[in-house]
Each structure stands twice: as C-alpha cells, then as structure tokens.
Amino acid sequence: MRMTRYFIPTLREIPSDAQIVSHRLMLRAGMIKQAAAGIYSWMPLGLRVLQKIERIVHEEQIRAGHIPLLMPTLQPAGLWRESGRYDDYGEEMLRITDRHQRDLLYGPTNEELITDIFRGHVRSYRDLPLTLYHIQWKFRDEIRPRYGIMRGREFLMKDGYNFDVDKEAAIHSYNRHMVSYLRTYQRMGLQAIPMRADTGPIGGKYSHEFLVLADTGESEVFFDSAILDLQFEGRDIDYDSRGNCARLVDHWTSHYARTDETHDQDVFEETVPESRRRRSKGIEVGQIFYFSTKYSEPMGASVSNANGELVNVHMGSHGIGVSRLVGAIIEASHDERGIVWPSSVAPFQVGIVSAATGHAETEAVCNALYQELTGLGIETLYDDRTERAGAKFATMELIGLPWRITVGPRGLKTGQVELVRRKSGDSKQYATGEIVAALCYQLEAHN
RNA sequence: CGGGGCGUGGCGCAGCAUGGCAGCGCGGCGGUUUUGGGAACCGCAGGUCGUUGGUUCAAAUCCAAUCGCCCCGACCA
C-alpha cells in the first residue's frame, strides 16, 4: 500500500480524554475514531489489525473442531423471555421496538439464539458433540464505558456454545476450549493466564477467565509466579483426545491463579511459597463456562440418547473479546515511540521509507522494492509522502510495523539500504539486491 | 445512577471572576529555501463559541433548560 493512496489519519498531539496508553496510541495511530460513548469507527489501519486477530481466532477454533456460523445482532425478545433472562439481564441490555411494536434487543450474548437453533435441528446423541461459534458485534449498555475499545459498549466478540450428551463430554469441550484459547493468545504474542472465575449472570458450575497481565488492567489477580514459565509442549494438539486435553488443562491450572472475585487468601498462602506469590492487575480477554443444563432445560434442548431416552443436553459457552484484544496487545507491546506489533497481528509486515523525497535514484529503488515485496505477497506500506525523513520515521514507529526498510542517498552511494527491527531497534545494512531475501529470512525467523 | 469536570476552526488549548473587534500552538492549502529523526520563512483558508430560551444598548462571557463527552464509584468480553 502506498501511503499517499491510503488513509491513516495520525495525530501528533494526544487527545485529552484518552487515559490509557492503548487508547492514546490507537487514536494517535489513526486506528479508531469515537462515534459516541463506547462506540467506535474502525479506521483502515485498525480494521486490518482487528481482522488479523479475527482470523487467528477463527483458525484456532476450526483447528479445535468448532464450527463457525453467524447469528444476527438484533434478536427477538421472545427467546429471552423463555430463558428468563429478558428481565434478569437488566439495563445493560439495549432494548428496541420496531414499527410493529415488536420487542427486539441488540444481543449482548447468544445463548438463547443458539439454543433455539439447536433444538430446532438436533434430535439425536449421534449429532453430538457439537460446538458452534460466531464472531459478531455485541452491545452491552455499560453504565460507564471507558478506555477506548477496551470497555466499549459495542464490541466484537467470538462466542461459542458446546452441546454434549453428558457431563463428561461437556467437560472435554470445556478443556478443549481452554487449550484452544491459550493457543490463540499465544499466537498473538500474548501470555494469558487462565484463572478460576465467577460465573456471573451467565451462570453455571465451572468457569475460567483468561487474563493478560498489565498495569492498566481492571481486574486484580493473585497467582503463583511459576505459571509464567509454563510452555506449550508442541504445536500439534490432539483435540479429540480427552486425556490429552485434560492433561494440558491440568498443566495450566495446577498453579494457584485467581481473580479477586474467587481469591482465597488462606489457600493462596497455604499452597504458594511466599517468594512466588504475585498480586497484579490483569486485562480479561476471554472466559469459558460449563453450565450444565441451565439453558437446555427451560428451553427444551434435548436429544435421544443411545437408550432412546430424552435427555437435556449439557452446554457450555465461551467468549473471546476480539476488539478488546487489539487494546490488550498494545498494552502489552509498546514503547515511548508507539506501538510494537507482534508480526502475527501487524497491519503490515514492513514499511518502506524513502529518506529523500524527490531524489530520483532513491525513489526508483523504493518503487522497485515495493513492487517486489508486494508481488511476493508481503504486506508492505510504502511511505511515499513528501515528508522529511524524521517525520516518516516517527510515523512508522507510531504505527508499529515490525520491520522498516530505509532507502536514501547516503546508503545508495554504496548500493545499500537499511533494515530496522521495530521491537529492538536493531538495524543492519544490506545490498539492494539482498534486502528482499534478508527480509524474507527475518519474517520467517520471527514468525 | 451518585460525585466531579468539560463543550470555543480538524487536534490541543487561552479568553469567561469584572459582558464591548474571537485568539494562540499544531494541522491544512499556496509559494520560496530546505531534505537521514516530527524543517524555516512568507502568504491564505477555516469558527452560527454544543443547542434552545432569557437578561442587556451589547453575551463565548451572566441566568435557565437541554444535549453530548470525560474522570471517580457500584456493574461488565
């Protein structure tokens, strides 16, 4: 993409109402623009990141055997009256009346809709297990939205729902989700810790929240520092194996890790050596639930089991805050100059800066590089504006592309261009004929 | 919803106590000189001072209502 033909409305000054670093940087980098309290437009650069994250979430869900569909944002009130939540959910649910005076609501979550879909089409245990999910905009009329997209009223969430014939199968679904979530965060360069959580208004018996440690997080968390050293053993996970998933979940949940909602100081002190006790702030980026037959019972979602008996299905639900992850990643990865994107979610992999606008050779090299990289399918942002070099460097650092190639008369005298890594600031000179290969090597090495 | 604060060119702000020409910085446009870390100079454009009503010879400024936004708290991916 040529910057002169793109749209990145950056800001030099910090908007006064942005309180936390991710919000400030998203506004300064021209990623979002506020439309109303807690409601944002996603500008081109922000949209690219959002879509990268969305794609990773999809890939990991599909890898775990979960099936995407898409449910509407507007839902009929009737289903919610049936589950009993139309009144329970309270003011946070945005209610709408259409021209025929029918009650609708902008979905804050989708248990009712998915259960309705399920009960209309699934009758037999042979159709189970089944996990359906979608990535769709939600609306929760928060009393006080804040921190940009971190606590918006409108937000993009992946929410999934598993249907199983009995508790054991449902627990496996729960475990499968925990593992797939951990992998999802890992791919975005985030370390998210599963913590035992309250079930809240969703209800149910088991729940874990996934927290990314950050000073600006809104949740207080207590954990055993040993959990920070846990690693995934291999890239391939057999999601169909109950034993395998259970073992991984065990691995990740054997250490003490709880939010303030479930924290028990006595247990904390009994089970964690003092030197490993940590108290910190965290950003919640996902939550999983097993809620047994809480929805299937009132809504009549049942199947025939192998003995021909009608049984209520065991369900669970799971959510990842996709739009919130954009902010969480920035909170976890930035410096004083701007954002430092992990390459898996970066809006572009590399930026080309021509350090001398109007210098014929420089521009010829930039153009050739841009053509070649784009031809190779490498997402490239070419800053071809008639700005001075300093301004272009500042912009590149603000928007945080992992790599920058600088082309200028100084280097071209000896036929060289510069490759700079955003994360470390390390730079190295390469001959113009070698730069593409060098970049490809680095992209591979740091992927 | 309780408490606090703020609405003035695209952005950041001053002006308001004590009513009297609507300003500054950044950004934008044109020009000249520049050109490897957010250039300098000259010129230009851009604002019904959130909205409505009131007081007054005169309102950004005083009064009232209203809308919106932000911060703290209780609630939430």
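Hydrogens, waters and symmetry mates are skipped; everything else that's a heavy atom, side chains included, is used. Throughout, protein chains are lettered first and strands after them, A, B, ... in sequence-line order, and every chain is numbered starting at 1.
Comparing B:rA65 with B:rC24, their C1' atoms sit 33 Å apart, to the nearest whole Å. Only the P atoms considered, B:rA17 is 33 Å distant from B:rG27, to the nearest whole Å. B:rG5 sits 24 Å from B:rG20 when the P atoms are compared, rounded to a whole Å. With C1' as the reference atom, B:rG31 and B:rU48 are 33 Å apart, rounded to whole Å. Straight-line distance between the C1' atoms of B:rU8 and B:rG50: roughly 10 Å, to the nearest whole Å. Remark: the separation of the P atoms in B:rC11 and B:rG54 is 30 Å, to the nearest Å. Comparing B:rG15 with B:rG9, their C1' atoms are spaced 15 Å from each other, to the whole Å. Taking the P atom of each, B:rG46 and B:rA14 are spaced 25 Å apart, rounded to whole Å.
Between A:Thr131 and A:His177, some side-chain heavy-atom pair lies under the 4.5 Å cut-off. Considering only heavy atoms from C-beta on, A:Thr259 stays 4.5 Å or farther from A:Phe222 through its side chain.
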Pairs: protein N or O with nucleotides 67-71 of chain B N or O, under 3.5 Å:
| residue | atom | partner | partner atom | Å |
| --- | --- | --- | --- | --- |
| B:rC69 | OP1 | A:Ala37 | N | 2.8 |
| B:rC69 | O3' | A:Gln34 | NE2 | 3.1 |
| B:rC70 | OP1 | A:Gln34 | NE2 | 3.1 |

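Using cut-offs of 30° and 60° on the angle between ring planes, the pair A:Phe268 and A:His263 is perpendicular.
One can place CD of A:Glu418 at 11 Å from C1' of B:rG37, the figure rounded to the nearest angstrom. As a whole-Å value, the separation of A:Ile143 CD1 from B:rC75 P is 9 Å. Atom P of nucleotide B:rA77 and atom CD1 of A:Ile39 are separated by 18 Å, given to the nearest angstrom.
Note that A:Arg337 lies outside the cation-pi zone of A:Phe393, set by a 6.0 Å cut-off to the ring centre and a 45° limit from the axis. By the 6.0 Å and 45° rule, A:Arg278 does not stack over the aromatic ring of A:Phe223. A cation-pi geometry, defined here as NZ or CZ lying under 6.0 Å from the six-membered ring centre and within 45° of its normal, does not hold between A:Arg140 and A:Phe155.
The base-pairing partner of B:rC1, taking Watson-Crick or G-U wobble contacts with both distances under 3.5 Å, is B:rG73. Pair assignment for B:rC29: B:rG43, on the basis of Watson-Crick or G-U wobble contacts that are both within less than 3.5 Å. Within the shown strands, nothing qualifies as a pairing partner of B:rU56 under the Watson-Crick or G-U definition with both distances less than 3.5 Å. Across all strands shown, B:rA14 remains unpaired; no Watson-Crick or G-U wobble contact has both distances below 3.5 Å. Partner assigned to B:rG9 is none, using Watson-Crick or G-U wobble distances below 3.5 angstrom.
In summary, the side chains of A:Ser354 and A:Lys392 do present a donor paired with an acceptor at a separation below 3.5 Å, with no hydrogens or angles considered. With no hydrogens or angles considered, a side-chain donor-acceptor pair links A:Glu331 and A:Thr216 at under 3.5 Å.
Side-chain proximity of A:Glu92 to B:rA74, B:rC75, B:rA77: nearest is B:rC75.
Along RNA chain B, the nucleotide nearest to A:Met157 and the one nearest to A:Ala356 differ in position, and the one closer to the 5' end is contacted by A:Ala356. Nearest-nucleotide positions on RNA chain B for A:Glu13 and A:Ser323 put A:Glu13 closer to the 5' end.
Contact annotation for A:Arg24: no contact, since no heavy-atom pair falls under 4.0 Å across all strands. Within 4.0 Å of A:Ala355, counting heavy atoms only, lies at least one base atom of the nucleic acid. Note on A:Val322: nothing from the nucleic acid sits closer than 4.0 angstrom, heavy atoms only. Nucleic acid contact for A:Gly358: none, since no nucleic acid atom lies under 4.0 Å from a heavy atom of the residue. A:Gly327 comes within 4.0 angstrom of nothing in the nucleic acid, heavy atoms only. Residue A:Gly286 is classed as a sugar-phosphate contact, given heavy-atom separations below 4.0 Å to backbone atoms only.
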Could you run down nucleotides 38-47 of chain B 5' to 3' and tag each one B, S or - for protein heavy-atom contact under 4.0 Å? BB--------
Identify every side-chain donor-acceptor pair in residues 53-60 of chain A under 3.5 Å, counting partners at least two apart or on other chains, and give the distances.
| residue | atom | partner | partner atom | Å |
| --- | --- | --- | --- | --- |
| A:His58 | ND1 | A:Tyr133 | OH | 2.6 |
| A:Glu59 | OE1 | A:Arg187 | NH1 | 2.9 |
| A:Glu59 | OE1 | A:Arg187 | NH2 | 2.7 |
| A:Glu60 | OE1 | A:Arg63 | NE | 3.2 |
| A:Glu60 | OE1 | A:Arg183 | NE | 3.3 |
| A:Glu60 | OE2 | A:Arg63 | NE | 3.4 |
| A:Glu60 | OE2 | A:Arg63 | NH2 | 3.2 |
| A:Glu60 | OE2 | A:Arg187 | NH1 | 2.8 |

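In terms of heavy atoms, A:Gly327 sits closest to A:Ile149 at N-CD1, 3.6 Å. Nearest heavy atoms, A:Tyr370 versus A:Tyr382: CD1-CB, 3.7 Å.
A glycosidic torsion no more than 90° from 0 defines the syn conformation, and B:rA17 adopts it.
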